[in-house]
Each structure stands twice: as C-alpha cells, then as structure tokens.
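What follows is a single structure, written as structure tokens, with notes after it.
Labels below follow one simple rule: chain letters A, B, ... track the order of the sequence lines, proteins then strands, and each chain is numbered from 1.
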2 protein chains.
Amino acid sequence: MMAQQNDKGESGAGRLHRRMLDAVGEAIASGRYEPGYRLTLDALQREFGVSRTVARDTMRVLETMNLVTSRRRVGIVVQDPAQWNVYDPQLVRWRLTSPRRDEQYASLTELRIAVEPLAAAGAARRASATQRIELTRLAADLRRLGESGDLDAFLDADIAFHRLILSSSGNEMFAALEGMVAEVLTSRTRQGRMPFHPRDEALDAHERAAAAIARGDANDAEASAREILHEVRGALNLS
Amino acid sequence: MMAQQNDKGESGAGRLHRRMLDAVGEAIASGRYEPGYRLTLDALQREFGVSRTVARDTMRVLETMNLVTSRRRVGIVVQDPAQWNVYDPQLVRWRLTSPRRDEQYASLTELRIAVEPLAAAGAARRASATQRIELTRLAADLRRLGESGDLDAFLDADIAFHRLILSSSGNEMFAALEGMVAEVLTSRTRQGRMPFHPRDEALDAHERAAAAIARGDANDAEASAREILHEVRGALNLS
DNA sequence: CTCCCTCAAAGATAGCACCATTGCGTGGGA
DNA sequence: TCCCACGCAATGGTGCTATCTTTGAGGGAG
C-alpha cells in the first residue's frame, strides 16, 4: 500500500540490507560507535528508512560477527573489539577502509609472515602438477614485470603468486586467507606505504620458492617464503 | 494459528533461531547437505516448524558465513567449502563435531604451528608486566601438574598458557585464535589422539618460552614456541 | 520439420506492516 | 531495604506486495 518509498528509488535497488550492513558495520569497525554504545531497532529503522525485518536481519549478522550483542529490554550493544570476529573478510574490509587501517595492516602483515612460509611448505608437499607449473610461470612473470617496471601488472602477478601458494597448500585455513593477502598487497602498492621497487633478492626468492615447491622441497620452500617476507618485516616496528 | 508448538515446549525457550542455525550449519559443515544442494525457505520453515522470519534470519547468517548463497527464483544454494568462512568460530565448532573433524583438526594444528611462534615473539615485545608474570607462573604450574600426572588440570593450565601468549601478542588476529587453540588442545587430550604424557623436553620448552617472553627476548621466545610445537608436528603426516 | 527467439507465467526471495509474547531493568510503594 | 508492577525493547509470528529470473510454451523463420 504505502510501502516502497525507497527500494527502487535508490540507485542500489536490491540488497538494501547490504547497504545498511555496510554502513553500520563500518561505523562500528571504525570506532564511530564505541563499545557499549546502545542501538535500538526502532532507531535503526528510522535512521535508514527500512523495515523492522531488514533491521533485524542486519543486526543478526553483526551479532554473529560478534560486533554487537542484542539483549532484551536493553537493546543492541556494541561489543568490545577483543570479541570481534576479526577473520571475517567483511570486517577486514571495513577495518581496512577506516581510520584504524594502520593497525589492521600491521596485524595482517604479521599474520602473513606467520602463515605463508608454512603454506609454501604445504604446497611443496601437496600441490598438484598444474599448480606447480603455474607457480613457476608466475615467478618468471614476476621477474619480467619487475624488471620492466610495470607496477600494476607486477601487483597482479604478485597477488596471483601468493594466492596460488595459499590455495595449493592443502590447508583450507591457509587458503581462506587468499583475499586478505590480496587486500594487503594491493594496499601496500596503492599507498606506496612500502616503497616498491622489486629488488633482485625478492625476485630471486620468489623464483627459489617456486622452484622448491615445483620439486617438492618443503624445507627450501619454507625458507624461501620466509625470505620473501623478510623485507616486509621492516614495515612493522619489530625486529 | 498453528504457530508455536515448539518454542516454549522446548527446554531452550528463547533463541529458537539458534537451534535452527546449529542444525542447518552442522548439516552443511558435515557435508550432509552437499555443495549445490538447494534449500528453500518454505521447506526449511516446514522442516523446523518455524516462521518465515526465523528461517530468513538463519539463512542470512549462513549467507554471511558463505556457507550458502541465496538467489532469487532458485533458492538457497549450499556453497563450495572453498568459499566458506572457515575462521568463524561457530563453523570451526561445527566442523570439529562432524565426521570430517580429522581434516579440521589437522588444518588447525598446522595453523597453530604457523602462528604461535610469532605470537610468542610478539608477546616478548609487547606483553604487559602482569602478563609476563602470569605466564611464568603458568609455566611453573605446567611443570608441577605435568609431573603430578593430573591430566585435566594440566590441560586447563596448558590452555591458559597458550591463550595468554596469543592474547598478549599485541596482534588481535592472533588473539582471535584463542578459542581455536583451546578447542584443539581439549580435543587432543579428550581423544587421546596424541598420547599425552608431557615429556620433559616439552615442559622445558614451555618454561624457556615463558622466561624468554618475561625478559623480552623475542628470538628465543619464537624458537622455544617452535620447539613446543615440534612434537605436535608429528601428529600431521608431514615432515 | 527443426531451431531459435521472444514473451509470459511461475516460483522464490526481498521487503513491509502489524501483532502477540517474553525478559528484564527501573522506580515507586510497602 | 525489599518487592512488585509497569513499560520498554527484543523475539517470534502472520500475511501481504514487489521484484527478479528461470523456465517453458508458442510462434516465426530457415
């Protein structure tokens, strides 16, 4: 009867609950809604001009990410960051586009340093034949693109290289970090945060890692991956 | 008209959507609903005797975990495991109580091996004074309980020890793995999967790690943590 | 006769409004 | 001080409309 004043009129059309989710999620992730801040469904549906259904769905999703808890009579309470489900890719994205992006970047980089060497070792043991070949090809591409100076193409190849190591590691927990690594690498280049001129050592290490994985040498693969990440280490204020 | 035959009658009362979530989530995680299997809201609300609202909420949550996608006209489709949000603690739990628990256990253990050494190094740099003291105390407890043979108490202390390292690492991505580590350690003991008689080397390594963290020696902390995890490595069929 | 294109109907989610129930925190009264 | 009633806010339910998109039927062209 007098329902839809908003869904078709908006550019986004469908997925209007996605817009609300992004808005609220980003607000919490960025700290604009502090821990302890109380929301109510009523306020939310008025603020976003949506129905109770959509507001409820949205809050339910944020609840499973542990961004909020909802209790009767008290409302929807923003939780302490320590409780958050920080591996949720959506939350990672929100945090990477917020003022606190630097913390997030540092944490993710440290996680990369932890995971990628073992992922490389796993790949050396468990990658398929085609994955090994593809990895070798990508290492060669990296060499070529690095020397040609095409940073965008280099970034793409670099992402593909690291993704492939993770996904062929045979460990789905590692593979699930694909998107995170892509995000971090992209962010690194885009921001010039880590002045980016691929050094010979790095290119060598990529090739050595690819070769080690190709011939199934887990130890060397792990060591080479560690070397790849060595320069990254400098970006964090540790060691 | 024929609505609530179940919510009050059940012991759980409130959170009836939690029960449905667990049921469907566990079914998907265990592979009982294979990738590509199509659910519909109608079928779900009939199967679980819930209303559309609850069914929708539930599916929305599963959707943000990437366990399913819901497309118009086609229904709700179970996604490929590669897409799953495997770091969601809820999903971890479902997978650990499913027939495929062994894969999950192996993956998580490998992740521990990757993360804990770096977490220990981080703790050596960034732990608070009280955390360092507590860690030393826990290491001593472990020695005592290990020698006394009280496996349950040992498990509790072991969990506390590893949790504390993760949470004092200063990296919230590491800290978020607390629950996972607790789950893995518990599972290890409960199943006798890894025959558990704390060896002297392990107890020594725990004490060395605690001492290294206490005095801020990141390198030694990392090495000691690696040593702690060394015996765990044998449980996986790698290296 | 067959193939392809178009278009309409069907089936399913997306979303809305409104309603009853249930916890539970707070403040007023004994 | 303690207890209880009141009201707020979430939980869960019902029925409806809008919209999308798949699928299949029908018709025209080769």
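Nucleotide C/dG15 holds its C1' atom 11 Å from the NE2 atom of A/His17, rounded to whole Å. The interatomic distance linking B/Arg52 (CZ) with C/dC16 (P) rounds to 15 Å, in whole Å. Distance CG (A/Leu41) to P (D/dG12): 12 Å, rounded to an integer number of Å. Rounded to whole angstrom, the span from the CD atom of A/Glu63 across to the P atom of D/dG12 amounts to 10 Å. Nucleotide C/dC16 holds its C1' atom 14 Å from the CE atom of A/Met20, rounded to whole Å. Taking atom CZ of B/Arg19 as the reference point, atom P of D/dG12 lies 10 Å away to the nearest angstrom. Counting to the nearest Å, the P atom of C/dC16 and the CG atom of A/Asp57 are 10 Å from each other. One interatomic measurement links the two molecules: CZ of B/Arg73 to C1' of D/dC20, which rounds to 10 Å at whole-angstrom precision.
Taking 4.0 angstrom as the limit, B/Ser70 places a side-chain polar atom (N or O) nearer than this to OP1 or OP2 of C/dA14.
Rounding to the nearest 0.5 Å gives a distance of 11.5 Å between CG of B/Leu62 and OG1 of B/Thr69.
Nearer the 5' end of DNA chain D, as judged by each residue's closest nucleotide, is the contact made by A/Thr53, out of B/Val74 and A/Thr53.
With distances taken from any side-chain atom of A/Arg71 to the nucleotides C/dT22, D/dG13, C/dG25, the minimum falls on C/dG25. Side-chain proximity of A/Arg60 to the nucleotides D/dT11, D/dT14, C/dA12 is greatest for D/dT11. Of the candidate nucleotides D/dG13, C/dG15, C/dA12, C/dA12 has the atom lying nearest to any side-chain atom of B/Thr40.
The shortest side-chain heavy-atom distance between B/Tyr87 and B/Leu177 falls under the 4.5 Å cut-off.
Distance alone, capped at 3.5 Å, is enough to place a donor-acceptor pair between the A/Arg126 side chain and the A/Ser169 backbone.
A salt bridge is defined here as a Lys NZ or Arg NE, NH1 or NH2 lying under 4.0 Å from an Asp or Glu carboxylate O, and A/Asp141 with A/Arg137 meets this definition.
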